[in-house]
Protein chains: 2
Amino acid sequence: MRIGELAERAGVSTRTLRYYESRGLLPTRRAGNGYRVYGDDDLRLVEQIRTLQDFGFGLEETRPFVECLRAGHPAGDSCPASLDVYRRKLAELDVLIGELRSVREQVGAQLVRAEAELRGGPEPRCELGG
Amino acid sequence: MRIGELAERAGVSTRTLRYYESRGLLPTRRAGNGYRVYGDDDLRLVEQIRTLQDFGFGLEETRPFVECLRAGHPAGDSCPASLDVYRRKLAELDVLIGELRSVREQVGAQLVRAEAELRGGPEPRCELGG
DNA sequence: CGTTGCCTTGACGTCGGGGTCAAGGAATAC
DNA sequence: GTATTCCTTGACCCCGACGTCAAGGCAACG
């Protein structure tokens, strides 16, 4: 199959495939006329990359998975290096989620406070004995 | 005060201050020699911007806060437009945190599965009747 | 007078993941 | 022959928030 068909089957643009190739993620054979030629294993490579990208992995982080597949393993995460990436990503996600929750709380508190000040005037006052 | 002092007091670079000015966030008077001259109110502006930036707000999102301060209000969030930004940000954060938690779960599940396959072989087997 | 240090504007670089031409070659249909 | 479609490489464009020069002006010190 040529680049256009692979692109359509994988749901990406041809530009994206050439970009992956330029990053050393997608190996490419050439036909006699210079056209890129791909097989079904290349489709699996691209699908693996897209799956990880959808999870928010950077392209470089997909490299161990790609190399694992290219080494003949049944899945991209059949190799220890891929599992390490999973673990690092989990740790990153935990940190990030924690930070975002903290920010959410702080922004929420600011909103409540600012709303109260807009409605009730700047000075905090006690309802008791009003 | 000149740009160097404001930068140091606000904990940002002079480049950053000029950038804020170029975005119309930081108004600037000039001394006779062309130097930028700032007052303490400008320091408060920059601090407001930095606080929001630390929360992950984009520069454009800080504009209502900045304009609120410049209009003479006691705080950047003393104006309804600022509260709207708070509310939009909260909604964005909720969506983002939800997505990240979903990704975290999926990646975690992949890790568990892949670890099991690495240790126990590819075929899922039953311990009973071993 | 020179040096140092802060200031000015302008312009290009960075990072990631590609999008979007442009100019031309190749295969196929008619 | 020519129209169409796919393919090739190369090159510039995008976002955001600045970093990093480059070339030169201004102030103060000695």
Side-chain angles (χ1 to χ4, degrees), chain A residues 1-39 42-43 45-66 85 88-89 92-93 96 103, chain B residues 1-39 42-43 45-66 85 88-89 92 96 100 103:
Chain A
M1 123 185 71
R2 291 177 305 184
I3 196 169
E5 185 180 349
L6 178 58
E8 190 169 7
R9 288 224 264 164
V12 302
S13 68
T14 59
R15 175 74 175 90
T16 295
L17 295 179
R18 294 197 192 95
Y19 181 64
Y20 290 171
E21 180 186 345
S22 79
R23 301 282 94 193
L25 290 172
L26 185 58
T28 302
R29 287 161 295 144
R30 299 293 181 124
N33 55 11
Y35 286 14
R36 291 169 177 85
V37 178
Y38 302 99
D42 295 314
L43 175 58
L45 273 190
V46 179
E47 286 169 346
Q48 172 75 81
I49 296 174
R50 294 315 299 186
T51 299
L52 295 174
Q53 287 256 94
D54 289 347
F55 282 163
F57 286 55
L59 264 190
E60 273 313 309
E61 293 175 318
T62 73
R63 193 176 296 276
F65 296 80
V66 166
V85 176
R88 272 196 288 111
K89 206 67 191 179
E92 278 177 29
L93 282 167
L96 183 56
V103 166
Chain B
M1 114 187 76
R2 292 176 305 182
I3 196 169
E5 186 179 348
L6 176 58
E8 189 169 8
R9 286 224 263 164
V12 302
S13 68
T14 59
R15 176 72 177 90
T16 295
L17 296 179
R18 293 195 193 95
Y19 180 65
Y20 290 171
E21 180 186 344
S22 79
R23 302 283 92 192
L25 291 171
L26 186 57
T28 301
R29 286 161 295 144
R30 300 291 180 125
N33 54 11
Y35 287 12
R36 291 169 176 84
V37 178
Y38 302 99
D42 295 313
L43 175 58
L45 273 189
V46 178
E47 286 170 345
Q48 172 75 80
I49 296 174
R50 295 314 298 187
T51 299
L52 295 174
Q53 289 257 92
D54 289 347
F55 281 163
F57 286 54
L59 264 191
E60 274 314 309
E61 293 176 317
T62 73
R63 193 176 297 276
F65 297 80
V66 167
V85 176
R88 272 196 289 112
K89 206 67 191 178
E92 278 177 28
L96 183 56
L100 288 178
V103 167

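Below, chain A is the first sequence line, B the second, and so on; all start at residue 1.
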- prompt: Quick one: is the NZ or CZ of K89(B) closer than 6.0 Å to the six-membered ring centre of F57(B), and within 45° of its axis?
  reply: yes

message: Tell me every residue that passes side chain to side chain contact (heavy atoms under 4.5 Å, CB included) with N33(B), counting only those two or more places apart in sequence or in another chain.
response: A31(B), Y35(B)

- prompt: Going by number, which of residues 57-64 of chain B have a non-hydrogen atom under 4.0 Å from DNA chain C?
  reply: none

message: In this structure, how many angstroms lie between the C1' atom of dC7(D) and the CG atom of L17(A), rounded?
response: 13 Å

- prompt: What is the distance, rounded to the nearest whole Å, between atom CZ of R18(A) and atom P of dG17(C)?
  reply: 19 Å

task: Using five pairs at either end of the helix from dC1(C)-dG30(D) to dC30(C)-dG1(D), determine the angle between the two local helix axes and round it to 10 degrees.
output: 40°

- request: Give the rounded distance in Å between these two atoms: CD of E5(B) and C1' of dG5(C).
  value: 15 Å

message: Can you tell me how far apart CG (L26(B)) and CD1 (I49(B)) are? Round to the nearest 0.5 Å.
response: 6.5 Å

message: To the closest 0.5 Å, what do you measure between CG (L45(B)) and CG (L43(B))?
response: 9.0 Å

query: Within less than 4.0 Å of OP1 or OP2 of dC18(D), is there a side-chain N or O belonging to Q53(B)?
result: yes

task: Measure the spacing between CD of Q48(A) and CG of L25(A) and express it to the nearest 0.5 Å.
output: 11.0 Å

- prompt: Rounded to the nearest Å, what distance is computed from the OH atom of residue Y19(B) to the C1' atom of nucleotide dT14(C)?
  reply: 13 Å

field: Sugar-phosphate only, base, or nothing, as touched by T14(A) at under 4.0 Å among non-hydrogen atoms
entry: nothing

query: How far does CG of L17(B) sit from CG of D42(B), to the nearest 0.5 angstrom?
result: 9.5 Å

message: From the set dG17(C), dC18(D), dC7(D), return the single nucleotide nearest to any side-chain atom of R50(B).
response: dC18(D)

query: Is a donor on one side and an acceptor on the other found under 3.5 Å between the side chain of R63(A) and the backbone of R23(A)?
result: yes

task: Compare the minimum distances between each of dT8(D), dC7(C), dC12(C) and the side chain of R2(B), then state the nucleotide with the smallest one.
output: dC7(C)

task: Could you check S13(A) against G4(B) and say which one's nearest nucleotide on DNA chain C is further toward the 5' end?
output: G4(B)

field: salt bridge (Lys or Arg N to Asp or Glu O under 4.0 Å) partner of E21(A), the single match among R29(A), R30(A), R15(A)
entry: R30(A)

task: Using a cut-off of strictly less than 4.0 Å between a heavy atom of the residue and any atom of DNA chain C, enumerate the qualifying residues of residues 20-36 of chain B by number.
output: R30(B), G34(B), Y35(B), R36(B)

Atom pairs and distances, side-chain donor-acceptor, residues 1-9 of chain B, under 3.5 Å, sequence neighbours left out:
| unit_1 | atom_1 | unit_2 | atom_2 | d |
| --- | --- | --- | --- | --- |
| R9(B) | NH2 | D40(B) | OD1 | 3.1 |

- prompt: Does R50(B) have any side chain to side chain contact (heavy atoms under 4.5 Å, CB included) partners at least two apart in sequence or in another chain, and if so, which?
  reply: V12(B), T16(B), Y20(B), V46(B), Q53(B)

message: Which nucleotide wins on minimum distance to the side chain of R15(A), given the candidates dT8(D), dC12(D), dC18(D)?
response: dC12(D)

Polar side-chain atom of D54(B) near backbone of T51(B) as donor-acceptor pair, under 3.5 Å: no

